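Below you'll find the structure, written out as structure tokens, and then a few comments.
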2 protein chains.
Amino acid sequence: MRPTVHDIAAAAGVSLATVDRVLNQRPGVRHVTREKVETAIRELGYVRDVAAANLAKGRTYPLVFILPASDNSFMHGLNAEIRQAIVRSSAERTDIRTIEVPAFDPAALVAVLEGLSREKPCGIALVATDAPDVRAAVDRLVRERFPIVTLVSDLTGSLRHHYAGVDNIAAGRTAARLLGRFLGPRKGEIAVLAGSMLVRDHRERLEGFTAVIAEEFPDLAILPVLEGRDDPEVAHRLVADALGNAGIIGVYSLGAGNRGLIRALKEKAVDRVLTVIAHELTAHTRAALIDNTIDAILNQDAGHEVRSAIRVLKAKADGLAVIEAQERIRLDIFLKDNLP
Amino acid sequence: MRPTVHDIAAAAGVSLATVDRVLNQRPGVRHVTREKVETAIRELGYVRDVAAANLAKGRTYPLVFILPASDNSFMHGLNAEIRQAIVRSSAERTDIRTIEVPAFDPAALVAVLEGLSREKPCGIALVATDAPDVRAAVDRLVRERFPIVTLVSDLTGSLRHHYAGVDNIAAGRTAARLLGRFLGPRKGEIAVLAGSMLVRDHRERLEGFTAVIAEEFPDLAILPVLEGRDDPEVAHRLVADALGNAGIIGVYSLGAGNRGLIRALKEKAVDRVLTVIAHELTAHTRAALIDNTIDAILNQDAGHEVRSAIRVLKAKADGLAVIEAQERIRLDIFLKDNLP
DNA sequence: GATTTTTTGATTTACGTACATCAAAATTGG
DNA sequence: CCAATTTTGATGTACGTAAATCAAAAAATC
């Protein structure tokens with residue numbers, strides 16, 4: 001049986017009230033007494049029963065999710081997962097609110113973050129736009145003891161407690177190796193379609209991709225990046241244009257908005273042997289994988305990311321440890337054979 | 001605020017005691033009264049607060065894990081994960097016991113299962129040996145209302161509540177496509193190293209593998225399966241012998257015990273261009289992936305499987321729903337770039 | 001209609017923790 | 001040494017549920 005507050009009180013030779021004062025850092029405990037209690041806690045290996053504590057406190061975990069207002073399948077999926085989490089919130093004692101901010105707008109994000117320090121949520125998850133101001137705002141909140149996790153796109157160098165997303169450099173490298181190996185001995189050019197080079201995750205994917213191609217597949221030449229702004233129309237036009245180049249033998253689509261890409265491929269490349277790697281499993285990319293328009297899809301599971309962010313924020317709010325391996329967001333690689 | 005038993009009592013116009021009798025299926029409630037209460041429960045959307053209930057009951061979840069006594073890295077890893085879960089057990093209110101049974105021995109497994117119906121654990125997880133007797137024993141336990149999940153290897157056609165493991169047919173198919181695509185236009189023979197064709201997961205992987213090779217890669221011929229019994233020595237000898245065949249251009253190792261395979265490859269195939277796909281990420285296979293001896297590793301995360309099995313068993317014991325997407329065990333594909 | 005049986009209500013204690021109150025004790029300052 | 005202050009103890013209530021007891025009411029039986 002795990003020890004209770006009563007056991008601590010008995011072991012430390014103090015009353016329950018004093019143990020309570022120490023545990024909940026209430027004032028009015030002499031230093032020596034506090035030490036005695038803390039020793040007892042350590043020696044008995046006491047861990048607060050969070051369920052009982054939450055019951056007594058009637059505690060809920062007010063959490064805030066800050067998301068960019070981007071209209072693409074991935075963000076829609078992420079939103080849907082958050083809504084699912086909201087449905088579960090009474091059972092999980094969470095109270096989740098989402099805030100939409102204009103995409104790629106550091107100032108707007110900073111404004112929202114500043115506002116939160118007054119609202120006092122017990123945890124914040126944000127899809128970070130990578131900018132010094134954002135980093136500063138996040139660091140400030142962390143110093144004010146708000147648990148913060150970045151979601152999908154990280155803010156390296158900041159003090160955020162955790163990142164719930166995939167390693168995008170690894171994702172880019174993996175895409176490069178898959179493409180290189182699938183192409184085998186063929187020589188030619190590779191088109192890269194991104195959303196915007198202003199987003200950290202896209203930059204990182206490209207960085208990993210070009211590194212591996214350069215190191216290990218010297219017969220492949222990467223063409224200048226097409227920035228489709230994650231917009232189907234723009235992407236379609238860019239890819240359709242690019243396919244005029246007969247030297248292209250492979251495509252890496254590292255952003256969202258694959259609808260345009262897929263349409264362009266179906267119009268312009270039915271008769272060509274192209275190897276295509278794309279990111280994010282959606283209804284469109286899934287269909288394209290099945291009909292062989294796309295050869296592999298790299299994916300991050302939005303549901304896992306959301307659930308992980310919530311678990312981590314709750315744990316941080318309670319000062320508890322997390323199971324690291326459980327919170328690592330994995331890069332899913334889907335071929336047509338292992339689709340969920 | 002979610003409704004409590006008090007709200008139910010008020011809504012149904014009965015006392016708290018009656019609500020309790022209905023909720024905990026205690027006797028002494030007239031049919032009409034029970035209906036009234038059940039209606040109120042439905043209408044208010046009452047869900048028992050499991051944390052409070054467990055607190056009141058002082059409940060723990062006695063769980064039993066039945067594992068084969070196999071001496072390979074994967075089973076060691078699985079054991080380690082269960083030990084981790086045991087460390088967490090006081091916080092999670094679980095009380096986990098493992099039972100080792102001789103591998104590939106249906107009779108022994110059945111004997112253990114029969115013994116459990118007297119012990120009354122509140123959930124059972126087992127690595128199933130696929131045999132009619134085992135299926136019958138499992139079905140019997142399910143009928144006696146024991147929550148049961150299969151772990152790693154499923155028991156299709158049985159009444160088990162859940163399978164915490166990967167889709168092995170999909171795994172085999174994925175391996176085939178990776179191998180086929182990596183080999184590109186090359187023609188040649190493929191060696192397959194398995195543990196034993198008596199285990200369902202190995203059979204299924206082979207089935208998926210041969211199906212895709214046959215359908216889509218007609219230039220590749222699969223050689224008769226080498227059964228290494230997941231033993232490094234046996235595997236080493238078999239693979240070393242097989243590599244005498246100069247027509248082999250690819251290897252699929254679908255079982256555990258890759259140490260022998262890796263040693264054989266390093267001894268006999270340094271000068272050859274072999275594409276190798278293996279299962280299970282271990283220290284050995286990881287090193288081999290990094291030094292290019294292996295080209296891709298398919299993996300199932302034992303930690304996820306164990307945690308998932310525990311979550312599902314607890315939920316079933318409480319009659320609660322699980323988050324399906326969360327409990328799906330994914331097939332991890334590792335290239336050297338996305339290693340964890 | 002009286003008796004037995006079944007059903008229901010009222011009440012209490014418990015789980016482990018949080019939090020508040022009031023009194024008692026110990027410590028500090030002058 | 002007394003007063004003021006700080007520290008500690010004792011105690012009670014609450015959270016939502018489980019489980020038990022005993023009395024009261026209702027229903028079923030004869």
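Worth saying up front: this structure is predicted, and the values here are computed from it rather than measured. Within every chain, numbering begins at 1; the chains are lettered A, B, ... in the order of the sequence lines, protein sequences first and strands thereafter.
- Atom CZ in Arg59(A) sits about 18 Å away from atom C1' in dA14(D), given to the nearest Å.
- Using modelled atom types, one side-chain atom of Asp7(A) and one backbone atom of Thr4(A) make a donor-acceptor pair closer than 3.5 Å.
- Nucleic acid contact for Asp49(B): sugar-phosphate only, since backbone atoms but no base atoms lie under 4.0 Å from a heavy atom of the residue.
- Among the heavy atoms of the strands lying under 4.0 Å from Val14(B) are primed sugar atoms or P, OP1, OP2 only; no base atom is included.
- One atom, CZ of Arg26(B), and another, C1' of dG9(C), lie 15 Å apart when rounded to the nearest Å.
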Anything under 3.5 Å between a donor and an acceptor, one on a side chain of residues 115-129 of chain A, the other on a protein residue two or more places apart or in another chain? List them.
from	atom 1	to	atom 2	distance (Å)
Ser117(A)	OG	Glu114(A)	O	3.4
Glu119(A)	OE1	Arg97(A)	NH2	2.7
Glu119(A)	OE2	Arg97(A)	NE	3.1
Glu119(A)	OE2	Arg97(A)	NH2	3.3
Lys120(A)	NZ	Ser117(A)	O	3.4

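- Remark: side-chain polar atoms of Ser308(A) are not paired, donor with acceptor, to backbone N or O of Glu305(A) under 3.5 angstrom.
- Spacing between atom CZ of Arg21(A) and atom P of dT21(C) amounts to 12 Å, rounded to whole angstrom units.
- Dashed line: the shortest gap from a side-chain N or O of Thr18(B) to OP1 or OP2 of dG9(C) is under 4.0 Å.
- Minimum atom distance to the side chain of Asn24(A) is reached by dA18(C), of the listed dA19(D), dT17(C), dA18(C).
- If you check every strand for non-hydrogen atoms under 4.0 Å, Ala17(B) touches a base.
- The residue among Ala56(B) and Val32(B) whose nearest nucleotide of DNA chain C is located toward the 5' end is Val32(B).
- Contact annotation for Gly58(A): no contact, since no heavy-atom pair falls under 4.0 Å across all strands.
- We find that CG of Asp318(B) is positioned 19 Å from P of dG16(D), with the value rounded to whole Å.
- Checking the phosphate oxygens (OP1, OP2) of dA27(D), a side-chain nitrogen or oxygen of Arg30(B) falls inside 4.0 Å.
- Remark: Asp49(A) engages Arg93(B) in a salt bridge, criterion side-chain N to carboxylate O under 4.0 Å.
- Side chains of Arg48(B) and Asn24(B): a donor on one and an acceptor on the other come within 3.5 Å.
- For the pair Leu23(B) CG and dT17(D) C1', the interatomic distance rounds to 9 Å; values are reported in whole Å.
- Residue Lys57(A) contributes atom NZ, which lies 11 Å from atom C1' of dC19(C) at whole-angstrom precision.
- Between dG16(D) and Thr4(B), no contact under 4.0 Å exists linking OP1 or OP2 to a side-chain N or O.
- Per the geometry, CD1 belonging to Ile8(A) stands 13 Å off P belonging to dG16(C), to the nearest Å.
- Side-chain proximity of Ser15(A) to the nucleotides dA18(D), dA14(D), dG9(D) is greatest for dG9(D).
- If you take CG of Leu16(B) and P of dA20(D), they are 16 Å apart, rounded to a whole angstrom.
- Of the two residues contacting DNA chain C, namely His31(B) and Asp20(A), the nearest-nucleotide position lying further toward the 5' end is that of His31(B).
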